[in-house]
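Single-structure report; data block below.
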Amino acid sequence: MSEPVQALLFDVFGTVVDWREGVARDAAAFLRRRPAARQVAYAFADAWRALYSPAMEAVRAGRRPFTRLDQLHRENLEATLPAFGVDPASAPEDELQWLNRAWHRLDPWPDSVAGLARLKAGHIIATLSNGNTSLLLNMAKYAGLPWDAILGAEAAQAYKPMPQAYLRTAELLDLPPERICLVAAHNGDLAAARRCGFKTAFIVRPREFGPEQRTDLAAEQDWDWVATDLIQLAAQLQA
């Protein structure tokens with residue numbers, strides 16, 4: 001008989017919070033202050049997010065030392081702005097910092113806070129995110145996320161889907177991987193966690209990338225649990 005799950009670790013961007021709406025909201029406010037800029041906030045959010053994984057890949061591949069996500073986001077922001085009619089050198093530093101921290105001010109999906117509260121009643125709930133600790137802490141305060149522990153990527157010194165991201169987090173919790181379940185809206189994340197011995201729970205977030213989303217619309221493997229939201233997951237785990 002398998003050991004019961006003691007801790008639920010969560011992917012955060014897209015699984016617990018709606019990054020696209022939050023980034024587009026703040027990008028719209030930033031672009032409106034610049035008449036020459038292109039007023040396409042969702043396209044801006046998508047273009048900025050498109051640089052997310054390539055920036056982390058340089059760290060994963062060892063081409064640069066571990067670098068906090070806030071710094072990677074800032075570099076990606078400055079790379080994105082010119083295509084939208086903004087010279088980063090012309091923007092005040094405080095406004096650039098404010099926009100870069102859009103990732104700290106993301107709203108939860110409608111089920112997230114209530115679902116996490118239910119899951120917390122029977123499990124340790126913590127983050128397993130590529131976000132840095134201060135980002136995740138600010139986000140939790142902003143969105144009211146009731147984590148037991150906030151573990152930024154600095155704790156593991158690795159970015160998912162590197163095995164170290166999962167295994168070092170398990171070590172920090174002093175739990176064997178089989179007593180941990182990763183909860184995520186991304187099949188690739190779950191596959192990497194499973195290879196490390198974690199249990200897996202897939203949450204369907206069909207609008208994470210907007211109305212034209214084509215990926216992660218359904219479970220691609222026989223994950224241990226599959227749910228439409230965190231409230232349904234809590235019901236499954238309590239059954």
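Throughout, numbering of the chain's residues begins at 1 and tracks the sequence.
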Distance in Å, [X] [atom1] paired with [Y] [atom2], rounded so as to fall on 0.5 Å steps:
X      : Y      : atom1 : atom2 : answer
Asn100 : Glu93  : CG    : CD    : 9.0 Å
Thr15  : Asp18  : OG1   : CG    : 11.5 Å
Lys199 : Asp224 : NZ    : CG    : 6.5 Å
Leu31  : Phe84  : CG    : CZ    : 8.0 Å
Ile150 : Ser129 : CD1   : OG    : 10.5 Å

Is there a donor-acceptor pair closer than 3.5 Å between any side-chain N or O of [X] and the backbone N or O of [Y]?
X      : Y      : value
Asp111 : Leu230 : yes
Asn76  : Leu51  : yes
Gln236 : Val226 : yes
Asn130 : Tyr159 : no
Ser90  : Asp87  : yes
Gln213 : Glu208 : yes
Asp11  : Val183 : no
Ser112 : Val16  : yes
Gln71  : Thr67  : no
Arg179 : Pro4   : yes

For the hydrophobic clusters of this structure (ILVMFWY residues joined by side-chain heavy atoms under 4.5 Å, transitively), does one cluster hold both [X] and [Y]?
X      : Y      : value
Leu128 : Leu72  : no
Ile203 : Trp223 : no
Val204 : Phe209 : no
Leu145 : Leu8   : yes
Phe10  : Val5   : yes

State, yes or no, whether a side-chain contact exists between [X] and [Y] at a heavy-atom distance under 4.5 Å.
X      : Y      : value
Leu9   : Tyr166 : no
Leu96  : Arg74  : yes
Phe13  : Leu69  : yes
Cys196 : Pro163 : yes
Leu99  : Leu77  : yes
Leu151 : Thr133 : no
Phe198 : Leu190 : no
Trp147 : Thr127 : yes

#### Entry: His123 and Asp148 side chains, donor-acceptor separation under 3.5 Å
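No.
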### Query
Between Tyr52 and Trp19, is the ring centre distance below 6.0 Å?
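No: the rings miss the under 6.0 Å criterion.
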#### Entry: Pair Phe30 and Trp98, ring centroids less than 6.0 Å apart
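No, too far apart.
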### Task
Please determine if Arg25 forms a cation-pi arrangement with Trp103, meaning its NZ or CZ atom is less than 6.0 Å from the six-membered ring centre and no more than 45° off the ring axis.
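Arg25 over Trp103 ring: no.
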#### Entry: Arg207 charged N/C atom sitting above Trp109 aromatic ring, 6.0 Å / 45°
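Judged by the rule (NZ or CZ under 6.0 Å from the ring centre, within 45° of its axis), Arg207 is not positioned above Trp109.
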Distance-minimising heavy-atom pair for [X] and [Y]:
X      : Y      : result
Leu119 : Ala234 : CD2-CA, 3.5 Å
Leu233 : Ala227 : N-CB, 3.7 Å
Pro161 : Arg60  : CD-NE, 3.5 Å
Ala79  : Pro82  : O-CD, 3.7 Å
Asp216 : Ala185 : CB-O, 3.4 Å
Arg20  : Ala45  : O-CB, 4.1 Å

### Query
Stepwise, does the salt bridge (Lys or Arg N to Asp or Glu O under 4.0 Å) test hold for Arg205 with Glu21?
CA-CA 13 Å; Arg205 298 297 191 196; Glu21 286 292 333; over 6 Å; no
### Stepwise side chain to side chain contact (heavy atoms under 4.5 Å, CB included) test for Val23 and Arg49
CA-CA 9 Å; Val23 171; Arg49 176 61 173 74; over 6 Å; no
Between [Y] and [X], is the closest basic N to carboxylate O distance under 4.0 Å?
X      : Y      : result
Arg68  : Glu154 : yes
Lys160 : Asp189 : yes
Arg63  : Glu57  : no
Glu171 : Arg168 : no
Arg194 : Glu220 : no

### Message
Run the side chain to side chain contact (heavy atoms under 4.5 Å, CB included) test on Trp225 and Leu237 for me, step by step, so that the C-alpha distance in whole Å, both residues' side-chain angles and the decisive distance to 0.1 Å come before the verdict.
### Response
CA-CA 9 Å; Trp225 294 275; Leu237 288 170; 3.4 Å; yes
### Task
Could you tell me whether Asp174 atom CG has more than 12 heavy atoms of other residues or ligands within 6.0 Å of it?
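No, because the 6.0 Å sphere around CG of Asp174 holds 12 heavy atoms or fewer from other groups.
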